[in-house]
Structure formats: structure tokens, C-alpha cells
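Worksheet for the structure shown next.
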Amino acid sequence: MDVRVAHCLLLWAVHFFPVAPRIAPRVLSKESKTGNLQDGCINLIPCAHSGAICIQPCSPSFHGEMSFVCKDRKWQMFIDACANLDVQSLFQRISEREPLPSSGGHISVAGGHLPFVGAGKPVHGKPDNEAKHFGADDHGNSNCQADFSCIIPDILSSPAIPGNIADIVELLKNISLMLSENVNRGKMQSYSRIANHILNSSIISNWAFVRDRNASSTLLDSVNLFAGNLLLRNGSENIQEHFISTKGYSIYKNTSGKSFDFSMELNKTSNISGRVVIPEEELLKLPRTSKAISIAFPTLGAIIETSHLDPVFVNGMVLSVSLPEELQHILLTFEKVNKLENIKAQCVGWHSAERRWDSKACRMKSDNISSVVCMCKHHRRTFKSFSILMSPTMLRNVVLDYITCVGLGLSIFSLVLCLTIETVVWHHVTKTKITYMRHFCLVNIATSLLIADILFIVAAIVHNTALNYRLCVAATFFLHFFYLALFFWMFTLGLLILYGLLLVFFKITRSAFIAAAFSIGYGCPLVISILTVAITEPKNGYLRSGACWLNWYETKALLAFVVPALSIIVVNLAVVVVVVVKMGRPSIGDGCKSQDLSNMIRISKNIALLTPLLGLTWGFGLATIIDSRSLAFHVTFALLNAFQGFFILLFGTLLDRKTREALKKNCLSSKRKRSLAKS
């Protein structure tokens with residue numbers, strides 16, 4: 001076998017070493033083959049440091065390099081830039097420019113940058129006859145500028161490996177930017193065949209190793225730009241490939257309504273359909289006859305998902321439209337890829353400037369088990385492409401909805417009753433300093449949870465952020481604040497319990513306690529809530545798509561709730577452990593059996609009392625994160641937290657002996673007053 005040298009470079013994690021040490025070259029005994037994990041980096045250097053990177057050249061028939069990252073003590077490929085296409089030469093053959101002088105690296109073509117391979121490299125796309133005049137195809141015909149057909153054989157014969165995918169995307173981008181005037185049927189057919197080559201369902205996984213993570217977004221924008229300039233023959237056009245389809249129609253004011261229907265191959269075993277409808281009321285806005293273009297991509301959603309490693313999944317084809325500026329609203333129907341009943345659907349538009357899916361572009365008209373109808377707003381500069389998302393972590397189940405509705409209703413009623421009882425018995429149960437502090441915390445816990453439950457309902461009503469954005473921001477801010485206040489008041493109660501158990505001889509005045517409690521209970525949540533909205537809202541990263549709650553996928557704003565809440569749960573769990581240990585100590589003079597039994601009863605009672613009051617039921621939320629698909633975990637979490645208000649009423653008020661005695665006294669005094677009034 002041929003012997004070659006692999007130059008490897010280990011890069012330590014950027015947090016520790018700003019400059020990576022260079023590893024000495026080693027001789028490999030095997031020849032590398034592009035497209036597979038290479039023996040060079042795998043066998044040359046032991047993978048001992050997580051995050052280290054090894055860079056290796058491609059085999060002689062390819063140009064570029066591959067990058068491997070050390071993960072779980074194994075080298076794993078994360079970038080494959082090996083390619084055998086010379087897209088510089090291909091672009092020259094379809095353009096009217098003279099060939100540019102050869103030089104290594106990258107050269108500029110009218111403002112665009114295309115990779116260029118130096119002389120001597122065996123690559124696809126090189127003209128075989130240097131004397132052949134520029135612009136001619138392999139048969140000597142000079143019609144290459146007319147339909148781009150002369151470069152099709154070179155591209156279709158090249159493997160759709162990550163390096164070639166990146167180069168083809170760059171080629172299509174430059175064609176769209178510089179050669180998109182007067183796009184006839186021939187040009188559009190050739191362009192579609194090139195795009196179809198890298199949209200094939202069998203090579204979707206290769207997109208994960210493309211160096212530019214925005215390559216799929218660049219491809220979408222390039223196709224939209226090029227197809228938008230398509231010339232229509234006799235008022236219509238229809239160009240169909242397996243994985244890209246383009247349709248165009250002439251539209252005018254008196255048309256009853258225009259639709260584009262697509263049914264395309266998703267993979268070797270199934271098809272998928274989609275529909276774009278321009279409503280009649282929109283067509284009435286047209287001042288003159290215009291054209292409408294629509295492009296369908298059955299696999300591009302999965303490719304974007306692979307490239308961006310997005311936790312939400314595209315559940316239908318991607319539909320793009322190019323419309324006159326006067327037309328703004330369109331109806332789109334998407335057939336679902338995953339037709340499971342418990343999967344939530346969401347209508348979205350692709351924000352071409354920010355390169356992400358955005359729910360603000362669309363609202364849902366209808367949703368059933370097989371399809372979704374969306375009303376979307378078309379914008380020539382921002383929103384041209386649309387689809388539907390599904391998230392397996394968002395379970396939509398009748399049982400969960402029923403538990404949440406019933407639990408919230410009962411929780412609100414219980415909290416109102418709890419606060420009413422506390423008002424009635426306040427003077428009877430707050431005679432000592434420690435009981436005053438306990439009931440003071442209890443009232444604020446109940447108040448915070450009551451307001452949070454009400455705001456939860458309000459946020460659910462105004463969840464359509466496209467229509468009620470400011471209201472949704474306000475609802476999210478106060479919901480965040482009062483849920484944090486709930487946790488910080490439970491934290492204050494936990495500290496109070498520790499104070500009563502461990503700091504018996506340390507005295508604190510009532511005014512000092514109130515000041516400290518308000519600072520912790522409302523001051524800390526206010527600071528966290530204001531900082532969260534101030535940092536994330538200017539970047540449009542405060543709200544998550546499709547819900548009035550904190551964003552997670554773009555800005556991780558949700559951490560401003562999760563981190564304090566989980567920290568308080570851990571602290572309060574430690575408080576319960578301290579209580580159990582203290583209560584478990586034997587009393588003098590008790591028998592062994594009676595002592596064990598009384599200890600078990602006392603411990604069980606304290607755990608039952610403290611669990612809802614200290615918010616430990618929220619700890620079950622960790623189970624839903626660990627196994628987000630488990631309905632049992634979601635039902636358990638919903639039951640424990642939707643009914644938290646009822647548990648606070650039961651364990652914090654009704655089962656408290658002094659509160660019951662005060663209620664009895666109050667009832668007796670009321671009866672006496674009524675009897676005296678009658679007599």
C-alpha cells in the first residue's frame with residue numbers, strides 16, 4: 001500500500017489553552033478513503049482528552065481535510081471537507097466571464113468566493129481540452145450559458161459527500177446572485193437537478209458533517225432567489241424533480257383563488273403532500289397581472305434539523321413562495337410526517353435573516369391527526385418559506401389537559417379558602433413570634449401561588465404571540481416573577497424551620513424577620529425577572545415560540561427560573577432531612593416498639609406536611625426531563641403541582657391544630673353572638 005504522512009493537530013478545549021500544541025507527523029500504514037472514519041486520526045494518536053481535535057488531510061484523489069473530535073475516549077468525525085469537484089471551473093463554464101488565473105486557496109468571482117483547486121489535482125469539473133473555447137460543453141456546443149446543462153454530468157457523477165455538498169451549495173449561491181436574470185425553463189431544470197442531487201433523502205446524514213452549519217439555510221435562500229426570477233411560458237410553469245418541485249402561475253385580480261398542490265417522494269417508502277392557497281381577498285389587492293412561484297422541498301426540513309441540531313423537528317415539507325408585494329397572507333396545508341396523536345404541531349416561517357424557525361410568521365387554522373392548515377404572513381425580505389414543527393417533548397394528552405384544568409381550578413379555590421381562613425384566625429394563631437413567622441410565610445406562599453395560577457390561565461389565553469406580543473411579554477414577566485416568589489417564600493419557610501430547630505438561643509425581632517423575608521421572598525425574584533427580560537428581550541429571545549413562557553432554544557432564558565427553583569428544592573430537601581433526623585431521636589422513658597412506631601408516624605407526618613409547603617413536589621419535574629416521553633412522569637408531575645394549592649390548604653391550614661382550635665372558637669363565638677341577637 002502507498003505510504004503517506006498525516007499531519008495531526010490536537011486542540012485542547014478553548015477554556016484552558018488558547019493555542020493548541022502541534023503533534024509530530026506520523027506515518028500511516030493504510031491509505032485513507034474519504035467518506036469513512038479515517039484510520040489516520042483513529043490509530044495515530046490516542047484519544048485521551050475530551051474535546052481535543054485531530055485534523056487530517058484527505059486521500060490523494062480529494063482536496064480538503066477532515067476534523068475529528070475526542071468524545072468518550074474515541075475519535076468521532078465532526079467536519080468532512082473532502083471534495084473532488086472544481087466548482088470554480090464549473091462556474092466559469094456557465095458564466096460569460098473569462099477564466100480567472102489559477103491560484104491556490106480561494107479566489108473571488110464578482111464578489112463571491114469559490115473554492116479553487118490548484119493544478120495537478122484530479123478533480124471533477126475540469127475541461128478536458130484546454131484549447132476548447134470558453135463556454136462550450138464537452139461536445140463543443142456553446143449553449144452552456146443558455147441552460148447550464150453542460151455542468152450537470154460532472155455534478156451528478158460526483159459523490160454527495162459533505163465536502164461536495166458545501167461546494168455545490170456555494171455554486172448554487174453564486175449562480176443565484178450573478179446568473180439569475182431571465183431564468184428560463186432550461187436554466188430552472190438544470191438548477192433543480194443540481195439541488196436535487198444534494199437534497200436526496202439517502203444522503204441527509206452527510207449534512208451533519210458540512211463545515212458551514214448554515215449551508216442548508218444558504219441553499220434555501222439561493223433556490224428562493226433563483227426561482228423567484230423564473231419566466232412563465234403561457235402563464236404557467238411546472239418543473240418536477242424527486243426532492244424539489246417548482247410551480248408558477250400568472251395571477252390577476254379577477255381570479256377566484258389560486259392554489260399550488262404538491263405530492264412528492266419523502267423517501268423510498270412514502271410520499272408527502274402540501275398545498276399553497278392564495279385567498280381571493282388577497283388577489284383583489286393586485287393592481288396588475290403578476291406571477292406567483294412556489295417551491296416544495298420534502299427533505300429540506302430534515303436537512304435543516306440535521307445541520308442545526310435543533311431539538312424541535314420539522315414534521316412536513318418546506319413550502320416556499322414568491323409573491324408580489326401587495327399579497328401578504330397565504331393559506332398552507334401540510335401533511336404530517338409523524339401522525340401520532342400526542343404530538344403537538346406548530347406553524348412556523350423560516351426567518352431568513354436570523355436563520356431560524358419563527359412562530360410569529362404563522363397562526364394555526366386547524367389541526368388534525370394527518371394534516372395542519374396554517375395562515376402565514378409572506379414577507380419578501382424575511383418570510384418566504386414555511387413548514388410545521390413537532391416536538392416529542394411536548395405531550396398533548398387528554399388526561400394531562402384534564403388534570404391541569406381540574407387541578408388549577410381546585411388549587412385556586414383552595415388558596416382563596418386558605419387565605420380566608422388565615423384572615424379569620426390570624427389574631428388567634430400569631431400570638432407567639434415563631435407562629436407569627438410561620439403563618440406570615442404561609443400567607444405569602446399561598447398569595448404567590450394564587451397569582452401565579454391565575455397568570456398561568458391568562459398566559460394560556462394569550463399564547464398566540466403573533467397577535468398579542470406585548471401582552472404575552474407582560475404575562476410571562478409576571479408569571480416568572482410570581483413563580484420565583486413562590487419558591488423564594490418556600491425557601492424562607494425552610495430557613496425559618498432551620499432557625500427553630502438549630503438556633504434556639506438566637507433571637508430575631510419581628511421587624512427584622514419581616515424585612516429579611518420580604519427581601520428574599522420578593523426582592524430576589526424581582527431582580528432576576530428584570531435582568532432576564534432586560535438581557536433577552538432586545539434580542540427577541542425572551543419568549544419561546546408558540547407560548548407565553550421563557551425561551552429555551554435560542555437564549556436559554558428559562559435557566560433564570562430553573563436554576564433558582566432547583567437550588568431551592570435541594571436546600572429544602574436538606575431541611576426535611578434535618579427535620580427527620582431531629583424527630584427521629586428517641587424520647588426518654590419510651591419502650592422500643594412504641595418508640596419506633598411513634599417515630600415512624602411523626603416522621604411520615606412531617607414529611608407529608610413539609611413536602612408541598614417547601615415545593616419538593618416540583619422535584620418530580622426532573623423525571624420529565626430525564627424521560628420526556630414517559631406519560632406516567634408527566635401525569636405524576638401534573639397531579640402533584642396542579643393540586644399544590646389544595647395540599648397547602650390541607651397540610652398548612654386544616655391539619656394545623658392551633659388553626660382548627662381557632663376556627664372552633666370563632667364558630668362558637670359567632671353562634672353566641674347570633675343567639676344573643678335573637679334573645
Side-chain angles (χ1 to χ4, degrees), residues 143 145-149 152 172 175-176 179-196 199 219-266 271-300 316-335 373-380 383-387:
N143 63 344
Q145 292 90 15
D147 59 8
F148 307 157
S149 59
I152 299 297
L172 292 174
I175 292 174
S176 298
L179 302 176
S180 60
E181 293 182 2
N182 301 320
V183 177
N184 54 34
R185 179 178 175 82
K187 288 183 179 179
M188 193 67 228
Q189 281 180 321
S190 297
Y191 195 95
S192 297
R193 291 187 70 188
I194 297 170
N196 186 76
L199 289 170
L219 174 64
L220 178 59
D221 292 339
S222 301
V223 174
N224 289 343
L225 176 62
F226 192 80
N229 294 316
L230 177 63
L231 302 174
L232 303 181
R233 302 180 307 167
N234 302 320
S236 66
E237 194 60 86
N238 185 0
I239 299 167
Q240 180 86 30
E241 293 290 334
H242 285 293
F243 303 103
I244 178 173
S245 177
T246 306
K247 295 185 179 184
Y249 293 108
S250 292
I251 52 175
Y252 44 91
K253 183 181 293 188
N254 296 327
T255 311
S256 58
K258 205 68 181 177
S259 65
F260 303 84
D261 295 284
F262 299 95
S263 181
M264 302 178 69
E265 179 183 330
L266 180 64
N271 288 359
I272 192 170
S273 62
R275 192 182 196 202
V276 180
V277 177
I278 307 173
E280 185 176 354
E281 57 269 23
E282 287 292 308
L283 291 173
L284 292 174
K285 301 175 183 178
L286 287 175
R288 67 188 72 84
T289 299
S290 304
K291 68 177 179 181
I293 307 292
S294 184
I295 314 110
F297 307 88
T299 58
L300 187 58
M317 61 169 52
V318 176
L319 294 174
S320 292
V321 290
S322 177
L323 301 174
E325 290 184 356
E326 294 82 6
L327 306 186
Q328 292 186 342
H329 294 94
I330 51 174
L331 279 172
L332 301 107
T333 303
F334 298 94
E335 180 186 356
V373 179
C374 305
M375 172 68 80
C376 296
K377 188 174 182 179
H378 172 267
H379 192 279
R380 291 176 69 89
F383 296 112
K384 287 184 177 182
S385 306
F386 309 91
S387 191

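Every heavy atom of this structure was used, including side-chain atoms; hydrogens, water molecules and symmetry mates were not. The structure displayed is predicted, hence computed values, not measured ones.
Between the NZ atom of K247 and the OG atom of S236 there is a distance of 10.5 Å, given to the nearest 0.5 Å. Atom CG of L225 is separated from atom OG of S320 by 12.0 Å, given to the nearest 0.5 angstrom. For the atom pair L300 CG and L319 CG, the distance stands at 11.0 Å (nearest 0.5 Å). In this structure, M264 CE and E241 CD are separated by 9.0 Å, a value rounded to the nearest 0.5 Å. The NE2 atom of H378 lies 10.0 Å from the CD atom of Q328; values are rounded to the nearest 0.5 Å. Within the model, atoms CG of L219 and CD1 of I194 stand 11.0 Å from one another, a figure rounded to the nearest 0.5 Å.
Nearest heavy atoms, I272 versus M317: O-CE, 3.6 Å. Heavy-atom minimum distance, L323 versus I330: CD1-CG2, 3.5 Å. Of all non-hydrogen atoms in N182 and K187, the two that sit nearest each other are O-NZ, 3.9 Å. Here the shortest heavy-atom pairing between I152 and S190 reads CD1-O, 3.5 Å. For K384 against N224, the heavy-atom pair with the smallest separation is CB-ND2, 4.1 Å. Closest non-hydrogen pair, S250 versus T289, comes out as CB-CG2, 4.4 Å.
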Practice problem: Let me see the working for L327 and I251 under side-chain contact (heavy atoms from CB on, under 4.5 Å), right down to the final yes or no. | Solution: CA-CA 11 Å; L327 306 186; I251 52 175; 3.7 Å; yes
Exercise. List the steps, then state whether side-chain contact (heavy atoms from CB on, under 4.5 Å) holds for S387 with F297.
Key: CA-CA 10 Å; S387 191; F297 307 88; over 6 Å; no
Practice problem: For side-chain contact (heavy atoms from CB on, under 4.5 Å), just list the numbers for I278 and L283, CA-CA rounded to whole Å, side-chain angles, deciding distance to a tenth of an Å, and then say yes or no. | Solution: CA-CA 7 Å; I278 307 173; L283 291 173; 3.7 Å; yes
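With sequence neighbours excluded, the residues satisfying salt bridge (Lys or Arg N to Asp or Glu O under 4.0 Å) with K285 are E282. Annotation: side-chain contact (heavy atoms from CB on, under 4.5 Å) contacts of A227 (sequence neighbours excluded): M188, T246, I293, I295. Looking at residues two or more places apart in sequence or on another chain, you find a salt bridge (Lys or Arg N to Asp or Glu O under 4.0 Å) between R275 and D261. Residues forming a salt bridge (Lys or Arg N to Asp or Glu O under 4.0 Å) with R288 (at least two apart in sequence, or on another chain): none. Among residues two or more places apart in sequence or in another chain, the side chain to side chain donor-acceptor pair (under 3.5 Å) test is passed with S245 by Q240. S273 pairs by the side chain to side chain donor-acceptor pair (under 3.5 Å) definition with E335, not counting sequence neighbours. The side chain to side chain donor-acceptor pair (under 3.5 Å) check on S192 picks up nothing, with sequence neighbours excluded. In this view, F386 satisfies the ring-ring contact (aromatic ring centres under 6.0 Å, His included) rule with no residue, not counting sequence neighbours. Every residue was checked against the side chain to side chain donor-acceptor pair (under 3.5 Å) condition with D221, not counting sequence neighbours, and none meets it. Partners of E237 under the salt bridge (Lys or Arg N to Asp or Glu O under 4.0 Å) rule, at least two apart in sequence or in another chain, are R185, R233.
Screening residues 238-259 for ring-ring contact (aromatic ring centres under 6.0 Å, His included), with sequence neighbours left out, gives Y249-F260. The salt bridge (charged side-chain N to carboxylate O under 4.0 Å, His left out) analysis of residues 250-260, with sequence neighbours excluded, yields no pairs.
For E281, the CD atom sits in a packed shell: over 12 heavy atoms of surrounding residues, nucleotides or ligands are nearer than 6.0 Å.
For N229 (side chain) and S180 (main-chain N/O), a donor-acceptor pair under 3.5 Å exists by modelled atom type.
Between E326 and P287, the closest side-chain pair of non-hydrogen atoms falls below 4.5 Å.
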